[in-house]
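Counting convention: from 1, in listed order, for ligands and their atoms alike.
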Amino acid sequence: MAEIVVQKYGGTSVGDLERIRKVAARVARTVAEGRKVAVTVSAMGRTTDALVSIAREVGARPDRRELDMLLATGEQQSVALLALTLHTLGVKARSFTGPQAGFLTDSRSGDARILEVDPKALLEAFETADVAVVAGFQGADEGGMITTLGRGGSDTTAVAVAAALGARECEIYTDTDGVYTTDPHLVPTATKLARLDYDEMLELASLGAKVLHPRSVWYARRYGVRIHVRSSFSYSPGTLVTKLEEARVKTDKPVTGVALDRNHARIDLTGLPDEPGVAARIFGALGEAGVNADTIIQG
Ligand code: ASP
Ligand code: MG
């Protein structure tokens, strides 16, 4: 069979029909080069946010199982629309929900982990079709309950598709043309990194760099899938996220990048008695309340 290329397009890249047409043209171009494409897409634009808001309008704390049922529909729309658009270009394409694409997850609604990806259905599709369009961000548990992988989880879907199909690389198309030293939307002097290794990327992603879902990097490292982050608006090379041996370019910079997380609150506790047991009482209370402290500074 022809080589399979794995691509992922985020919400901005499929934000409206015109953009979906651009994505389809790009996929068609890869097919014209004689390759098959497994393409993962996110929900269109801000669809997922809109679905979360409408569920919260119904009730402030929506049941997670039902919320996943609702959120999964966002990606289901975009896979069908991309497949239909590919058909207009004469490309044989078939869309799949996460469960149809073989994604088995645990039962943690809203933050499910992938347990296994059975590539059978995709491989079967490739016998007749040139493109398989897979809904990002979703799967089903053992009992068939629809689950989602956590916000931004389509990246992880794409990497998992690559791993399951034995592809060496996963192309992630986004609205920046790679991974920058910091958020280029906020800091115009940020520069693009040509390569970085899994651990550096994992650290940046975990600290809040939005460019990749942290679990996708973890998954890529585990299965040895190279991630190529690039722009859906240009054909220039982006950033490669690879093993340390491949990523190392001689550099004397001690810092690779800086991530910004706006979702942080800082609370100062002052005038506490300097005696044993105080810290234990504070963290004990936080723990009981299920509050996660990211950074602790004692002075
Ligand atoms: N649509 C989901 C979200 O907005 C998943 C994704 O885009 O990766 O979080
Ligand atoms: Mg994303």
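- Listed by atom number, the atoms of ligand 1 under 4.0 Å from S42 heavy atoms are 6 (C), 7 (O), 8 (O).
- At a 3.5 angstrom cut-off on N or O pairs, T48 counts as close to ligand 1.
- Side chain to side chain, D68 and T148 meet the donor-acceptor criterion of an N or O pair below 3.5 Å.
- Each of K8, H213, R215 was scored for a side-chain hydrogen bond (donor to acceptor under 3.5 Å, both in side chains) with D155, with one residue passing: K8.
- Side chain to side chain, E200 and Y198 fail the donor-acceptor criterion of an N or O pair below 3.5 Å.
- Considering only non-hydrogen protein atoms, atom 6 (C) of ligand 1 sits nearest to S154 OG, 3.3 Å.
- Defined by atom type and a distance below 3.5 Å, a donor-acceptor pair is missing between the side-chain atoms of T40 and S154.
- Between G152 and ligand 1 there is a heavy-atom distance shorter than 4.0 Å.
- In this structure a side-chain-to-backbone donor-acceptor pair under 3.5 Å is missing from T242 to R226.
- Atoms of ligand 1 found under 4.0 Å from any heavy atom of E75, numbered from 1 in the order shown, are 1 (N), 2 (C), 5 (C).
- Contacts of H213 with ligand 1, taken as heavy-atom pairs under 4.0 Å, are absent altogether.
- A donor and an acceptor atom, one from each side chain of T174 and T176, are nowhere located under 3.5 Å apart.
- For ligand 1, the atoms sitting less than 4.0 Å from at least one non-hydrogen atom of R151 are 3 (C), 4 (O), 9 (O), numbered in the order shown with element in parentheses.
- Using a 4.0 angstrom heavy-atom cutoff, G153 counts as in contact with ligand 1.
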